[in-house]
Amino acid sequence: MDYNKVISAMTLEEKASLCSGRDFWHTKAVKSQKIPEIMVSDGPNGLRKNPSAEDHAGSFDSIKAVCFPNACATGASFDRALLTKMGKALGTECQAENVSTMLGPGMNIKRSPLCGRNFEYFSEDPLLATEMGTALVKGVQSRNIGTSLKHFAVNNQETRRLTVSAEVSERAMREIYLAAFEGAVKNAKPWTVMCSYNRINGLHASENKTYLTDILRDEWGFDGIVVSDWGAVNDRVKGLSAGLDLEMPGCFGTNDRLIVEAVNNGSLPEKTLDRAVERILRWIDRYTSKRSKDAKWDKEADHELAGKIEEESAVLLKNEDGILPLDKNDAIAVIGRYAKTPRYQGGGSAHITSFKTSSFMEAAKGKGHEIYYADGYDLDKEEVDRSLITKAVNAAKKSDVAVIFAGLPENFESEGYDRSHMRLPENQNVLISEVLNVQPNVIVVLHNGSPVEMPWVKDVKGIFEMYLGGQNVGTATYNLLFGKVNPSGRLPETFPLKLEDNPSYLNFPGHADKVEYAEGVFVGYRYYDTKKMEVLFPFGHGLSYTTFKYSNLKVSKRKIKSRDPLTVSVDVTNIGRMAGKEVVQIYVAPPCDGVPRPVHELRAFDKVSLRAGETKTVTFELTSRAFAYWDTSIHDWYVAPGEYTIEAGSSSRDIKFTKKISIEETSRRPMTITENTCFGDLLKIPEIAGELRPVVNSYLHKEKKDRPKSSEAISEKMEQEMLGFSPLRSVISFGDGEYDHEKLAKAIKAMQNKLDKK
Ligand code: BGC
């Protein structure tokens with residue numbers, strides 16, 4: 001398509017009108033230019049194609065499709081190839097259903113366990129979220145279907161999501177909240193990015209040029225369209241100027257008219273509108289020009305795939321006395337409604353109409369097990385029902401082992417609101433403790449999108465975190481419990497002991513229309529590990545039915561320059577008797593002087609498959625970004641010189657081996673010396689020692705014969721420390737009288753010259 005030609009042939013009204021949807025799911029066709037309309041649909045854990053033009057947040061049923069495990073689960077797979085496979089299946093479904101773009105994946109960071117949409121997000125860690133999101137986008141887009149990274153940016157809660165302002169520091173923004181978007185934009189080139197509902201430091205995301213243009217396009221090189229979250233537009237004209245191309249859903253012409261008006265009265269340059277129109281045309285063209293009209297999708301095959309993905313994602317949290325896998329000859333009490341009707345997806349716009357589902361009970365049927373089933377609790381009530389508990393206890397008494405299916409009911413977590421606490425419903429906790437009174441062999445299987453408190457954690461022998469495992473979760477649960485599949489998921493988030501331990505606790509969900517991200521970069525394990533706090537289960541944790549041994553941690557160099565990459569390798573051996581998969585995690589611990597930094601951060605990981613007895617060497621390339629933090633004095637990434645520790649382990653709390661390396665600075669950070677620069681900061685710079693010495697000597701009265709001796713009140717140490725924290729101007733009041741402002745200014749100039757020459 002010749003975009004310039006098309007745009008110049010379009011009327012102003014046609015151009016403005018192309019910048020908003022025809023309805024909930026379609027763009028508008030431009031008949032005069034033969035531009036067709038195209039359709040978008042939610043995802044991203046299945047196709048939520050809605051035959052109706054209306055609909056909001058799942059209020060109208062979508063076509064029957066396949067619900068894959070939600071991002072809370074797939075994030076736990078730590079498996080890039082798996083996510084790409086899922087993306088390819090989704091892309092094929094979209095091709096077959098003529099859906100141009102799938103609205104996802106959700107790239108927001110899990111700041112609090114209470115966020116109602118945590119099930120749609122991958123992790124509390126930006127690297128893991130980057131890698132999972134990138135892999136999914138690559139898979140979908142390999143089928144020539146677009147994706148939409150959402151919700152850009154800092155949409156970490158549902159409370160007042162359309163009006164709240166997320167107040168975030170520049171550093172936390174870069175290191176935590178933007179990083180996953182950055183990684184996926186750079187690595188996977190998504191066709192679209194969806195701006196979030198909320199305001200960012202006061203300004204609506206939908207009209208925030210800093211994010212939509214300066215960072216997204218100019219810095220990261222994004223070349224697709226920015227679409228608004230559904231109803232996120234506040235001021236359409238400002239939005240267009242800031243870089244918001246497409247408003248969704250439709251606005252019944254209201255905002256289109258405002259655009260026309262603004263162009264006519266000169267407040268909006270027409271070329272700004274043309275820029276958005278061109279991007280939208282390119283996006284439409286991208287899809288329609290390569291549409292494969294004969295694409296078909298196989299529901300049954302995708303249902304199978306959904307089960308396989310869940311098998312790779314579920315996390316075995318606890319396995320005392322090797323209670324799992326279950327012995328097929330044991331009598332088993334299966335307790336809990338979720339064994340028959342599993343909770344497998346979250347509510348809201350990601351809700352899929354499944355064409356079929358599987359439950360554990362269906363999967364176990366006809367396989368010759370001795371099973372005693374009991375409901376255990378009501379799904380729609382939190383109150384304890386004694387008769388249900390009695391039946392469950394009786395089933396547990398006559399069995400060798402009890403498997404309790406527990407989790408969060410649908411109305412506990414959903415789009416549109418946040419959770420108010422981190423507990424399971426009371427009737428489930430009581431059920432578990434009463435079953436424990438009669439049966440020592442208890443396993444809990446959890447269905448939830450975000451961490452829960454576990455008051456019974458020490459008493460049960462086994463815990464499986466299935467998360468929200470998609471429509472074929474029943475088969476996956478059966479295969480995992482009976483050891484037909486070896487569990488290999490790892491927690492993509494920390495499970496704190498209690499909600500109050502979470503770093504955002506005092507500031508979630510904020511007050512009125514403001515939420516302060518006061519914990520800064522200390523999110524998830526970055527906080528718990530730095531504070532050495534006890535947690536329920538750490539980030540990266542997950543067990544296997546086999547055992548892995550680490551050895552031979554190697555680094556390519558012991559000394560590097562700040563821009564150099566580093567190669568790290570470690571051997572992993574499966575020393576058990578069953579094939580299995582290990583997630584090898586590499587953390588980097590920074591030097592502990594300088595800016596406050598998390599005690600360590602995940603900088604690389606890989607999932608490796610090992611036969612019994614097999615050893616593999618796993619190799620990682622760390623770029624300088626693995627050592628950097630966002631330095632607000634230069635507004636850029638900065639690698640501080642010093643000693644770093646490379647840690648290899650199987651969770652943030654299970655570090656097997658470490659190696660130290662040292663990094664030398666290649667170029668010094670720009671620095672402006674003023675009268676208020678502290679002596680201590682200057683004493684670290686050898687190049688200016690000559691210019692600094694006389695000022696120090698004057699401050700310490702070194703040249704004077706009557707120099708006061710250190711006394712009881714002022715020790716030499718105190719004198720040194722006081723010097724370190726004193727600004728240069730102190731020499732005027734506390735020195736020996738040598739320096740006035742003029743002389744000090746000369747000394748500062750001389751030091752600055754030396755510095756600038758470096
Ligand atoms: C959600 C988006 C979703 C859109 C369309 C919004 O309410 O926040 O994630 O893609 O609706 O359903």
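Keep in mind that this is a model prediction, so the values were computed, not measured. Note that ligands are numbered from 1 as they come in the structure, with each ligand's atoms numbered from 1 the same way.
When N50, D42, N155 are ranked by how near their heavy atoms come to atom 10 (O) of ligand 1, first place goes to D42.
Annotation for ligand 1: atoms under 4.0 Å from non-hydrogen atoms of M194 are 10 (O). Every atom of ligand 1 with a heavy atom of E415 under 4.0 Å away is listed here by number and element: 1 (C), 6 (C), 7 (O), 8 (O). Each of the atoms 12 (O) of ligand 1 lies under 4.0 Å from some heavy atom of R48. Within ligand 1, the atoms closer than 4.0 Å to a non-hydrogen atom of K150 are 2 (C), 3 (C), 9 (O), 10 (O), numbered from 1 in the order shown. Set against the non-hydrogen atoms of W25, the atoms of ligand 1 under 4.0 Å away are 5 (C), 12 (O). Taking every heavy atom of S349 and a limit of under 4.0 angstrom, the matching atoms of ligand 1 come to 1 (C), 2 (C), 3 (C), 9 (O), 12 (O).
The closest side-chain heavy-atom distance from R291 to N98 is below 4.5 Å. Using a 4.5 Å heavy-atom threshold, the side chains of F412 and L424 count as separate. Put simply, the side chain of S148 does not reach to within 4.5 Å of the side chain of V40, judged on heavy atoms.
Counting heavy atoms under 4.0 Å from ligand 1, residue E120 does not touch it at all. Under 4.0 angstrom from ligand 1, there are no non-hydrogen atoms of M102. Proximity of H351 to ligand 1, defined as any heavy-atom pair under 4.0 Å, is not found for any part of the residue.
For the pair R111 and Y517, the cation sits on the ring face: its NZ or CZ lies under 6.0 Å from the ring centre, inside 45° of the axis.
Side-chain contact check for N45 and E120: no donor-acceptor pair (N or O, by modelled atom type) lies under 3.5 Å. The closest side-chain donor-acceptor pair between Q157 and S112, if any, does not fall under 3.5 angstrom.
Ion pairing between D274 and K15 holds under the 4.0 Å rule for side-chain N and carboxylate O.
Judged as a salt bridge (charged side-chain N to carboxylate O under 4.0 Å, His left out), not a single pair has a partner in residues 132-144 (not counting sequence neighbours).
Between R161 and ligand 1 there is a heavy-atom distance shorter than 4.0 Å. Put simply, no part of F24 is less than 4.0 Å from ligand 1, judged by heavy atoms.
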